[in-house]
Number of protein chains: 2
Amino acid sequence: MDVRVTRSPAMTDVARLAGVSHQTVSRVLNDHPNVREQTRLRVRAAIAELGYRPNRAARALVTGKSQLIGVVAQNSTLYGPASLLAAFEQAAAEAGFAVSVGSVGRLDRESIAGAVERHLDQRVAGLVVIAPVASADDALEDMPAGVPLVTIDGDPRRAHALVIVDQAAGARLATERLLAAGHRTVWHVSGPADWYDAAGRIEGWRAALEDAGAEVPPLVPGDWSAASGYDAGQMLARMPEVTAVFTANDHQALGLLRAFSERGRKVPEDVSVVGFDDVPEAAFFIPPLTTVRPAFGAVAHAGLDLLLAQITAETTTPERVVIAPTLVDRASVAPPA
Amino acid sequence: MDVRVTRSPAMTDVARLAGVSHQTVSRVLNDHPNVREQTRLRVRAAIAELGYRPNRAARALVTGKSQLIGVVAQNSTLYGPASLLAAFEQAAAEAGFAVSVGSVGRLDRESIAGAVERHLDQRVAGLVVIAPVASADDALEDMPAGVPLVTIDGDPRRAHALVIVDQAAGARLATERLLAAGHRTVWHVSGPADWYDAAGRIEGWRAALEDAGAEVPPLVPGDWSAASGYDAGQMLARMPEVTAVFTANDHQALGLLRAFSERGRKVPEDVSVVGFDDVPEAAFFIPPLTTVRPAFGAVAHAGLDLLLAQITAETTTPERVVIAPTLVDRASVAPPA
DNA sequence: CGATGCATTGTTAGCGATAACAAGATCGGC
DNA sequence: GCCGATCTTGTTATCGCTAACAATGCATCG
């Protein structure tokens with residue numbers, strides 16, 4: 001029975017061809033030191049000849065760990081999370097890890113817990129949770145210990161390893177830029193109240209104002225959408241005293257710009273605007289938007305480094321990395337009339 | 001030695017507690033018909049009591065298949081691919097599959113092949129490749145047979161199962177909308193020439209023009225970026241005869257709008273613009289953008305359905321699904337002056 | 001020159017599940 | 001009441017790999 005089913009070759013096939021035991025093949029694959037150079041080459045040749053590729057499932061079964069990193073994120077096309085995810089995948093691939101994405105519809109405790117459990121089933125080597133709201137963080141309370149975990153944009157007060165963008169510093173940058181241009185005060189259209197990102201930006205904005213001895217105007221609440229920026233703009237455009245606005249993200253700024261445009265308030269002549277995120281299109285808003293750029297790539301890399309440190313070194317030292325944003329000057333800021 | 005290491009319970013633990021063999025537990029888990037109701041309940045209770053969750057790696061090892069679907073996509077924050085990915089994850093999760101993302105930096109043959117191989121290592125149950133350019137498609141030529149595969153946005157002429165958005169129909173919609181408003185002809189700022197999406201939109205635009213007996217103006221080439229739209233706008237704004245422009249995506253339209261605004265060409269009074277994609281912000285451009293909406297959710301669902309059909313039914317009938325886009329009317333189109 | 005130790009390789013035993021087969025229990029038909 | 005068919009359950013082998021230990025060879029040292 002010469003069945004010519006091209007079953008993909010296993011380790012024993014390689015071993016037979018190379019004239020060694022399967023264990024030696026395993027050693028070559030895992031870069032064990034004690035293998036004679038000549039043997040190593042012979043095994044490598046056999047691997048190449050057969051086109052052998054190790055079976056991850058078998059390895060995962062015996063080691064209890066996979067080369068898989070789970071990422072839990074909200075299923076959204078928000079620019080921030082999407083960029084983060086893309087950057088993270090890239091970084092993980094470079095480190096030889098595959099990324100399994102468990103997107104959740106909402107960031108409530110139950111959804112997050114479910115996504116986490118699904119990943120645990122797969123014996124992921126580590127877990128990254130993008131947890132920008134308190135409810136997401138809560139879900140991680142009763143995580144089984146021993147699973148490497150990094151949260152991104154999580155609660156700074158928790159003990160996990162985490163990576164955060166210094167939202168307050170970014171907001172301060174934006175606010176101070178407007179103050180420096182000569183504005184008496186700066187209004188703020190915020191993100192959803194339960195997001196840490198939004199809270200941090202509010203905090204930085206308020207602190208910058210207070211430090212400068214400027215009046216703190218009432219907060220204009222919004223969500224992250226352009227629509228909420230538009231609504232805010234409809235209101236702010238009616239108040240002649242408003243000469244400077246800092247929005248919690250660029251899309252809100254876009255909505256705001258449109259509302260101002262409709263009501264004849266010229267940007268930056270009548271009112272200056274600063275956004276947050278530096279989406280690729282921000283340079284093409286009317287006018288080009290001055291904004292704050294959080295380094296998503298840096299966040300992703302830092303997150304991966306922290307995770308890999310936990311995975312390899314077994315240290316669960318809850319380290320944290322804070323990424324400082326930078327200000328990108330464009331044309332939406334000018335001195336008040 | 002009562003080591004209280006909370007090793008996660010295995011099937012034998014459940015079996016012992018329920019007083020049955022591990023095989024019976026396996027049967028309960030896999031919904032085999034021949035298990036007495038009473039036994040089934042006892043096993044279920046034991047599973048619940050121990051918080052048992054099956055080991056995917058072990059199952060994958062013995063069956064040769066995992067509950068993992070691999071998605072190969074370009075690592076990008078382009079709105080289209082990102083939306084597609086998000087929608088797909090959602091759909092897969094509902095069907096009980098995890099999604100492993102293999103993002104590639106570039107869509108060349110080598111990158112794609114590498115990502116595909118990495119997924120094959122993991123014994124994915126199926127593979128979805130978002131292959132909007134020819135080089136990506138080429139890489140799939142020498143795929144090992146027997147792996148369920150669906151391409152999205154791939155070459156319509158290939159024999160794979162695939163899901164495509166009818167780009168030509170969308171472009172036709174846009175072009176005809178402009179023609180119907182009374183414009184003599186419509187200019188087109190295209191996407192990168194090697195993308196099928198871009199090619200399809202060009203084709204639809206040209207066909208609509210020819211069908212209407214309108215002159216076909218020279219094509220203005222671009223990539224997907226807002227910058228390329230801006231550059232195109234700088235040029236088009238200088239030509240008084242240009243009264244209607246169809247851009248290959250919304251971000252290009254944004255750049256175009258800014259260029260027109262800078263040069264004092266009013267939209268839609270002087271020139272009408274239609275985009276493609278319906279990004280969430282399109283309603284807040286100045287003016288709100290009339291655009292074409294491809295149903296990303298529908299694409300993702302169709303792709304998953306096709307894949308699941310192949311996975312379960314073993315049929316490798318190369319089916320194909322074509323999703324028709326719709327036109328979203330806003331305020332960037334008006335009759336010519 | 002035999003003992004000692006390290007480098008190298010092989011042997012054996014699982015990891016936790018499913019598949020294939022075997023065996024006991026139950027049931028209907030004559 | 002006996003026989004074969006069917007339902008239910010258990011036993012054993014196996015997937016492809018790594019861990020632990022055993023065995024071999026060779027150099028070093030007193």
Side-chain angles (χ1 to χ4, degrees), chain A residues 3 5-44 46-47 50-68 120-125 311-312 314, chain B residues 3 5-44 46-47 50-68 96 120-125:
Chain A
V3 189
V5 184
T6 25
R7 171 183 63 88
S8 60
M11 206 173 252
T12 49
D13 300 317
V14 176
R16 198 174 315 117
L17 182 61
V20 297
S21 75
H22 69 270
Q23 181 61 273
T24 299
V25 177
S26 168
R27 288 192 182 102
V28 171
L29 246 44
N30 293 290
D31 287 324
H32 271 252
N34 295 341
V35 179
R36 198 152 38 117
E37 192 54 28
Q38 183 190 334
T39 312
R40 191 185 302 275
L41 291 176
R42 204 142 35 89
V43 171
R44 287 255 165 74
I47 289 175
L50 293 179
Y52 166 77
R53 325 212 80 216
N55 183 323
R56 305 271 188 172
R59 181 179 292 175
L61 176 58
V62 63
T63 61
K65 290 287 171 209
S66 60
Q67 288 287 100
L68 242 197
L120 261 25
D121 280 2
Q122 298 185 63
R123 303 293 191 272
V124 291
I311 290 173
T312 57
E314 301 282 317
Chain B
V3 190
V5 184
T6 26
R7 171 182 63 88
S8 61
M11 206 173 253
T12 50
D13 301 317
V14 176
R16 199 175 314 118
L17 181 62
V20 298
S21 76
H22 70 272
Q23 180 61 271
T24 299
V25 178
S26 170
R27 289 194 181 100
V28 171
L29 246 44
N30 293 290
D31 287 324
H32 272 252
N34 294 343
V35 178
R36 195 151 40 115
E37 190 55 28
Q38 183 189 337
T39 312
R40 191 185 301 277
L41 291 176
R42 202 141 37 89
V43 171
R44 286 256 166 72
I47 288 175
L50 293 178
Y52 166 79
R53 328 211 78 214
N55 184 323
R56 305 273 189 171
R59 181 178 293 176
L61 177 57
V62 64
T63 61
K65 290 287 172 207
S66 61
Q67 287 287 99
L68 240 196
L120 260 25
D121 281 2
Q122 298 184 64
R123 302 294 191 273
V124 291

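These values consider heavy atoms only, across backbone and side chains, with no hydrogens, waters or symmetry-generated copies. These numbers were taken from a predicted model, which means no experiment stands behind them. Numbered from 1 within each chain, the chains take letters A, B, ... in sequence-line order.
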Shortest non-hydrogen contact from A:Ser66 to A:Ala125?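 In terms of heavy atoms, the two residues are closest at O-CB, 3.1 Å.
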Nearest heavy atoms of A:Ala57 and B:Ala60, plus distance in Å: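 It is CB-CB, 3.8 Å.
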Starting from the 5' end of DNA chain D, give me the residue, B:Thr24 or B:Ala58, whose nearest nucleotide shows up first.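 The 5'-side residue here is B:Thr24.
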Both B:Asn34 and B:Leu61 contact DNA chain D. Taking the nearest nucleotide for each, which residue is further toward the 5' end?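 Going by which nucleotide is closer to the 5' end, it is B:Asn34.
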Under 4.0 Å between a side-chain N or O of B:Thr39 and OP1 or OP2 of D:dT9?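 Yes, because at least one side-chain N or O of B:Thr39 sits under 4.0 Å from OP1 or OP2 of D:dT9.
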Taking only N and O in the side chain of A:Asn55, is any of them less than 4.0 Å away from OP1 or OP2 of D:dC17?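 Checking D:dC17 against A:Asn55, no side-chain N or O comes under 4.0 Å of OP1 or OP2.
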Can you check whether A:Asp121 reaches B:Gln67 side chain to side chain, under 4.5 Å on heavy atoms?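 No, their side chains stay 4.5 Å or more apart.
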Are side-chain heavy atoms of B:Val28 and B:Arg44 found at a separation under 4.5 Å?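 Touching, per the 4.5 Å side-chain cut-off.
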Nearest-Å distance, [atom1] ([X]) to [atom2] ([N])?
{"X": "A:Leu29", "N": "D:dA19", "atom1": "CG", "atom2": "C1'", "result": "16 Å"}
{"X": "A:Arg36", "N": "D:dG25", "atom1": "CZ", "atom2": "C1'", "result": "10 Å"}
{"X": "A:Asn30", "N": "D:dG16", "atom1": "CG", "atom2": "P", "result": "17 Å"}
{"X": "B:Leu41", "N": "D:dT8", "atom1": "CG", "atom2": "P", "result": "13 Å"}
{"X": "B:Gln67", "N": "C:dA17", "atom1": "CD", "atom2": "C1'", "result": "14 Å"}
{"X": "A:Arg53", "N": "D:dC15", "atom1": "CZ", "atom2": "P", "result": "22 Å"}
{"X": "A:Arg40", "N": "C:dT8", "atom1": "CZ", "atom2": "C1'", "result": "11 Å"}
{"X": "A:Arg59", "N": "D:dC15", "atom1": "CZ", "atom2": "P", "result": "19 Å"}

Got a donor-acceptor pair under 3.5 Å from the side chain of A:His32 to the base of C:dT8?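 Side chain to base: no pair below 3.5 Å.
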Among [options], the one nearest [X] by side-chain distance:
{"X": "A:Gln23", "options": "C:dA17, C:dG10, D:dG10", "result": "C:dG10"}
{"X": "A:Ser26", "options": "D:dT18, C:dT11, D:dA13", "result": "D:dT18"}
{"X": "A:Arg27", "options": "D:dC21, D:dC17, C:dA20", "result": "D:dC21"}
{"X": "B:Val62", "options": "C:dG10, D:dT18, C:dG16", "result": "C:dG16"}

Strictly below 4.0 Å, N to O, side chains only: are B:Arg53 and B:Asp13 in salt-bridge contact?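 Result for this pair is no, no salt bridge flagged.
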What is the nucleic acid contact for B:Thr63, judged by heavy atoms within less than 4.0 Å: base, sugar-phosphate only, or nothing?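 Result for B:Thr63 = sugar-phosphate.
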